[in-house]
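In what follows, a single structure is set out as structure tokens and then discussed.
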Amino acid sequence: MTAPAIELKGISKSFGPVQANKDIAIRVMPGTIHGIIGENGAGKSTLMSILYGFYKADKGEIFIRGERTEIPDSQAAIRAGIGMVFQHFKLVQNFTVLENIVLGAEDGALLKGSLSKARTLLKQLSEEYELHVDPDAKIEDLGVGMQQRVEILKALYRRADILILDEPTGVLTPAEADHLFRILEGLKREGKTIILITHKLREIMETTDTVSVMRRGEMTATVKTAETTPQELAELMVGREVLLRVDKQAATPGETVLNVENLQVVDGSGVERLRGISLNVKRGEILGICGVAGNGQSELLEVLGGMRPGKGRVTVNGQELDLTGAESDARTRRRRGIAHVPEDRQEEGLIMDFFAWENVAFGYHDDARYQRGVMMNNDAIREDAEAKIAKFDVRPANCWLKAKNFSGGNQQKIVIARELERNPDLLLVGQPTRGVDIGAIEFIHEQIVALRDAGKAVLLVSVELDEILSLSDRIAVIFDGRIMGERLPSETDERELGLLMAGITDTDKDHSVDEIEENLAHATGKAG
Amino acid sequence: MNYLDLIQILDSSIRLATPLLFACLAGLFSERAGVFDIGLEGKILISAFFSAAVAALTGSVWLGLLAGIASSMVFSMIHGLASITFRGDQLISGVAINFLAAGMTVLIAQDWFSQGGRTPQLSGGARFSPIELPFAEALSGVPFIGPLYADALSGHTILVYVGLLTVPLTWYVLFRTRFGLRLRAVGENPGAVDTAGVSVVRLRYAAVAICGVLCGLSGSFLATGLAASFTQNMSAGRGYIALAALIFAKWRPWYALGACLLFGLLQAISNRYSSIDLVLFEIPNAFVLALPYILTVVILAGFVGKAVPPRAGGQPYVKER
């Protein structure tokens, strides 16, 4: 029997009172793709950081190819043949591809020899694994898919035969993700061992040979992928039965609430972010906007939410909104019945150092019922906050806790509680479940659908295609500041949306990944 | 103004640019590695004092130079300790160093020499003496080029030439060596360096140490080459002007030379002319004296186009989970 490529025994790691990893044991066989799945904060990243020498485990042993190995730092991990592709790429933006690949693995004190040797080797690697990239391109000019290839090449250049990928598809379009998985298959055929960390069940089912599930720092199960189902994995992750699809009735749209005509936005550095967008959202309807991050969807939300000036004509319930003048602020928008759950809850949705009850009042703190003469009526605010926290099942249910001390899902529930409880006519909601665990996702989705069923209009922006497909009643695809088209969720699929997201409208034909990459890099290049 | 005046102005421009150049390149190394250093000023000052003091006490300018570099290094390491090891605020640490140097130099000078916070006048072997470049004498007769070479370029102290040579050296180290690649990377994305298995801390300390040496040279030249003693606050904002020059130069060595020569030229003009007569009106003396500082403000206000500092500049590196 061959020795496992990686075997961990009894790995434990605590950060203060938080036990991130508890007695973890795992065996990864060589030449396989092994998935590790778990919710945010389940301890996946900590475990991989231990394997890559970022953290030292409090307890436990690491065996690489059957040999006990100490990994005190990344250098040791690289020596042991471990390569890591981080979720946030570790690339120097203004260096060339070649310089990034050579960094830290130079041959001598002078660069010239190292660079020319790397050029030759890179060419070989590119051809062997079909990872084509221009060695002299600057990283900042490349799209994310291409940058990810550079990261993989970096690991291969260091002769890694165990490759760890942390949430690799978070930033990719479906076509790019498929391409990545083909690359991983190729690497597997060459005998490389691959560990894939993700929270997406579909990816696990499609690509892995075995899968380990983590929950609250513990490894709850390791199973053969062929012998399990997404439902079973989800239950292992969450520890209870979960609904994977959103349970909702067909929409019954009423009259138009939001109407946007030819909306244009130019940002502070003079770049056109929105190039004339028109759309509408009706009562009792969820309009989903999907697109690769950075194509104007954030700006759309910000203009409508009153956080950024724009040009064009926007009406809510037939009344025109002021897009540039004195009435274009977020407060006036709220008075007009627009609630906004911003994309980045930590930067824009909450003040992390403030208590939960203060956060529940933000934006509405000048409400008459929160006033007591010239003072604020904090008792009233707290009472109100406690009711909302109870209703939206925020845990722990303690309004004296600072926002930063809640988990991502519960932070998001605080924001949603604040905005939804105002009974808005129009809800603007950005990335409602980014970094939120499965249990909370279910709850948040239910709340959004309930708002729709109460006859409100919802504009949903998300980079998660699954979310867009399952929540929306209508889908608009945004690319490079323009709407590429609208589709009904029942009449489209990930493939078609993926192509539209890359600005390709003739979706009947086949398109290569390179074409998609090219288009996206072009768009984001202009935007960035 | 005739040609000879011009030569003389150029001559003093080069001399006045030298301390700026050392400090600017010092800042370049530090900031390229991601450690902002507003404490250049303090390091120049402390080095100026210890160079002058040790040169005065021993009679040897070389020992003075060593003392200057050593003192500047000590301050550099304090900055490194605060901003790299303890991940403190780099601005505060730098400002503290400036205050410390301003107070300490005068205090020790008074204690050692009792001359009102100065060091004694240096002479002979306690000062750097001018060096004649080869053929300066022979070529001085050649029209036009002769005086330029013999009077403007030749006849400076050794540190001026060291300074000029440091420019290509810096360029070579930064862009042609492994160390330079890593140094630039650590200022842009320390995470990339760390995950590549290279120590961020060690690299940043190396950069800060180089910064210390170069600031030491700057201060030493100020007190033993440009002047002949230490006087209170003799750095006179050169550390800040060097920072402005660094931004002006967009953190590049050759541009840094150009920027420092420009500042040197302005200083030379303001030293030479009490006022500039422009026929129609006269630029008053106070304005001329303030020119280098006015230019600094203009540059810092961003009138020279977009300068993108190293991306990770000013941020202590913390490993993320």
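Predicted model only: the values in this text are computed from it and were never measured.
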Taking the six-membered ring for Trp, are Phe54(A) and Phe86(A) parallel (under 30°), tilted (30 to 60°) or perpendicular (over 60°)?
tilted

Arg238(B) versus Phe263(B): any side-chain heavy-atom pair under 4.5 Å?
no

I need the minimum non-hydrogen distance between Ala5(A) and Ile162(A), along with the two atoms involved.
O-CD1, 3.8 Å

Quick check on the 6.0 Å ring-centre criterion: do Trp62(B) and Phe128(B) meet it?
yes

Considering only heavy atoms, which portion of Tyr52(A) lies under 4.5 Å from any heavy atom of chain B: side chain, backbone, both, or neither?
side chain

Which atoms of Phe175(B) are under 4.5 Å from chain A, going by heavy atoms: the side chain, the backbone, both sets, or neither?
backbone

Measuring heavy-atom distances to chain A, does Arg311(B) have an atom under 4.5 Å in its side chain, in its backbone, in both, or in neither?
side chain

Need one label for Arg158(A): side chain, backbone, both or neither, based on atoms under 4.5 Å from any heavy atom in chain B.
side chain

Which residue out of Val193(B), Val173(B), Asp194(B) racks up the most heavy-atom pairs below 4.5 Å with chain A?
Asp194(B)

Look at atom CD of Gln87(A) and say whether more than 12 heavy atoms of other residues, nucleotides or ligands are closer to it than 6.0 Å.
yes

Is it true that Arg119(A) and Asp136(A) have a side-chain N and a carboxylate O under 4.0 angstrom from each other?
yes

Check whether Arg176(B) gets within reach of chain A through its side chain, its backbone, both or neither, counting any heavy atom under 4.5 Å.
backbone

With a 4.5 angstrom heavy-atom cut-off, is it the side chain or the backbone of Asn100(A) that approaches chain B, or both, or neither?
neither

Counting only non-hydrogen atoms closer than 4.5 Å, does Leu91(A) touch chain B with its backbone (N, CA, C, O), its side chain (CB onward), both, or neither?
backbone

